[in-house]
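None of the values given here were measured: they were computed from a predicted structure.
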2 protein chains.
Amino acid sequence: MTLTRHGRAPAGYDPSAFPSFAVTVDVVVLTIEGGRLQVLLVQRGLEPFQGSWALPGGFKRPYETLDEAAARELREETSIQDAPTLRQLGAYGDPGRDPRMNVVTVAYLAVVREVGEIVAGSDAAGAALVSVAEALDGALELAFDHGRILADAVERARVDLEQTGLAISFVGTTFTLAELRAVYEAVWGVTLDPANFRRALIAEDGWIVPTGKRAQPGPAGGKPAELYKAGRSWAYGSPIRRPRRAREKGAR
Amino acid sequence: MTLTRHGRAPAGYDPSAFPSFAVTVDVVVLTIEGGRLQVLLVQRGLEPFQGSWALPGGFKRPYETLDEAAARELREETSIQDAPTLRQLGAYGDPGRDPRMNVVTVAYLAVVREVGEIVAGSDAAGAALVSVAEALDGALELAFDHGRILADAVERARVDLEQTGLAISFVGTTFTLAELRAVYEAVWGVTLDPANFRRALIAEDGWIVPTGKRAQPGPAGGKPAELYKAGRSWAYGSPIRRPRRAREKGAR
DNA sequence: CTAATAGTGTCTCTAAGACAGTATTCC
DNA sequence: GGAATACTGTCTTAGAGACACTATTAG
């Protein structure tokens, strides 16, 4: 048979008439630690990428959706049971991206407060949280095209931080305004004015709800910060806009 | 063999140990005609979607990238030889999305000034430009999950119109400000003030460059509009921001 | 002439941003 | 007390938006 105009096989198709692929799902798990954006990477003992780091991932199964496959991979490799912010980044299918076989991978972005216990697998030489800056500047050898995927994921996180309520996924159920501000500062690489940040959040109801409790001050002291929980408005967007003229991080 | 922790087959893998898929590429071609956003759809004579409309698309081949596959499909079905704005939307792999076989499709968005001659294929009962509003409100029966893909494409276009220089892809090499404004109005479904629109574009150099020529007025008369060409700044973004409080289209 | 479209000038109001000053903690 | 962090109040300014007005065409 020949391929039809649409490239799809008609009703009585012959499976040998079109190329077949393995389809995998890779997950970029981002979190904030020490005021810096971090990504979860695993190290594998397998050729031809022995010793290099890779994103966690695995095969899609025929009877699950892509979203379900990503959620399953996340559950299998971390102690994260439920990641509401698991979102698709895109598909990567360059020929030769996996030298062993014909693989199209679909990348996902997950944003979590903490990674928790990392589930050690049989073939994993290790797994670690790595600074995104380090992973992207070439200091770390990344397998496949995972460097490109990671770069795309970070760019997506920067956009979503402004367009969606992604920010609260980085913090716990209760948080201080300084913690929330640190999320924006780490992902965007900027410094935000604490006073204006607060004002944007309390200008309208729905962003933050006071709990009445206070956080413990750090070792250097300071006034104890109020603890808030997230309001309903995060379902629709973010109260903080990305600064047009980015103030360098650390500048004042 | 068993699947490894990463779900990938190790060096001496057995191809029968993981599920295989057909990978297709579908292209959402958007254009503006008559002040309305339109999409290119094809009608097919094949079961089980006989009589329904679908996005143009076809199989990815092993030795091309996904981007190349999308560009090839676009060339094969329209007279568009080169679409600089061909961008990936995402992957769609729900089980059963194609009842005939196991298919993961990767959707692309192309924005063009005009579709030109539509290349008729052997199995295509027809091809047409259809209003996006009509295609999405259920008036038209769309095959597979192409309704969802189209909805995602339109949402992406709305975002990219603000974040990137997508707008000039909708117009020709020279254009009037009214034409350019119509792009923003059609995609966002809003009415923009012509005066403020002009001001945003001439506030900085780099957005529009006067050609010295003037367009012919329409049948209703009016002052002939200056013809401009696009400046360099469109590579980095858009001078027009999406209105926060959307004025209804047609309101004044 | 009127209707229609292109283009100019100007006013108002909001929100971003800068920053001085106060409150409460640790040392 | 001083240093550090949390929080409040206020001023300035850039930009979005509204809209009156002028210019040039078709009929």
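- Put simply, CZ on B:F197 is 19 Å from C1' on C:dG9, counting in whole angstrom units.
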Quick one, B:Y236 with B:T164, criterion side-chain hydrogen bond (donor to acceptor under 3.5 Å, both in side chains). Give me CA distance, side-chain angles, the key distance, then yes/no.
CA-CA 6 Å; B:Y236 310 111; B:T164 75; over 6 Å; no
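- Counting distance only, with no hydrogens placed and no angle test, the side-chain atoms of A:D193 and the base atoms of C:dA16 include no donor-acceptor pair under 3.5 Å.
- For A:R199, counting side-chain heavy atoms from C-beta on, the closest listed nucleotide (D:dA6, D:dA18, C:dA18) is C:dA18.
- The OH atom of A:Y184 sits 13 Å away from the P atom of C:dG17 (whole-angstrom rounding).
- Residue A:R198 has a polar side-chain atom (N or O) positioned under 4.0 Å from OP1 or OP2 of D:dT8.
- Computed from coordinates, the A:Q216 CD to C:dT25 P distance equals 11 Å when rounded to whole Å.
- Following rounding to the nearest Å, B:E204 (CD) and D:dA16 (P) show an atom-to-atom distance of 10 Å.
- Closest contact between the side chain of B:A225 and the listed nucleotides C:dG17, C:dG7, D:dC7 involves C:dG7.
- Per the geometry, CD1 belonging to B:I202 stands 15 Å off P belonging to C:dA6, to the nearest Å.
- If you take NZ of A:K223 and C1' of D:dG2, they are 18 Å apart, rounded to a whole angstrom.
- Counting heavy atoms of neighbouring residues, nucleotides and ligands inside a 6.0 Å radius, atom CZ of A:R232 does not exceed 12 of them.
- Looking only at distances, no side-chain donor or acceptor of A:R158 sits under 3.5 Å from a matching main-chain atom of A:A153.
- Ring planes of A:W234 and A:W207: perpendicular class, angle over 60° (limits at 30 and 60°).
- Closest to the side chain of B:A195, from the set C:dG17, C:dG9, D:dT25, is C:dG9.
- In this structure, CG of A:L192 is placed 12 Å from P of C:dA16, rounded to the nearest angstrom.
- Here the P atom of nucleotide C:dA16 and the CZ atom of A:R242 are 16 Å apart, to the nearest Å.
- Between D:dG17, C:dC19, C:dT25, one nucleotide has an atom nearer to the side chain of B:P243 than all others, and that is D:dG17.
- Nucleic acid contact for A:A178: sugar-phosphate only, since backbone atoms but no base atoms lie under 4.0 Å from a heavy atom of the residue.
- When each of A:A220 and B:E226 is assigned the nucleotide of DNA chain C with its nearest heavy atom, B:E226 is the one assigned upstream, toward the 5' end.
- A:E73 places no side-chain N or O within donor-acceptor distance of the main-chain N or O of A:A70, the cut-off being under 3.5 Å.
- Picking from C:dT24, D:dC19, D:dA6 the nucleotide with the shortest atom distance to the side chain of A:R181 gives D:dA6.
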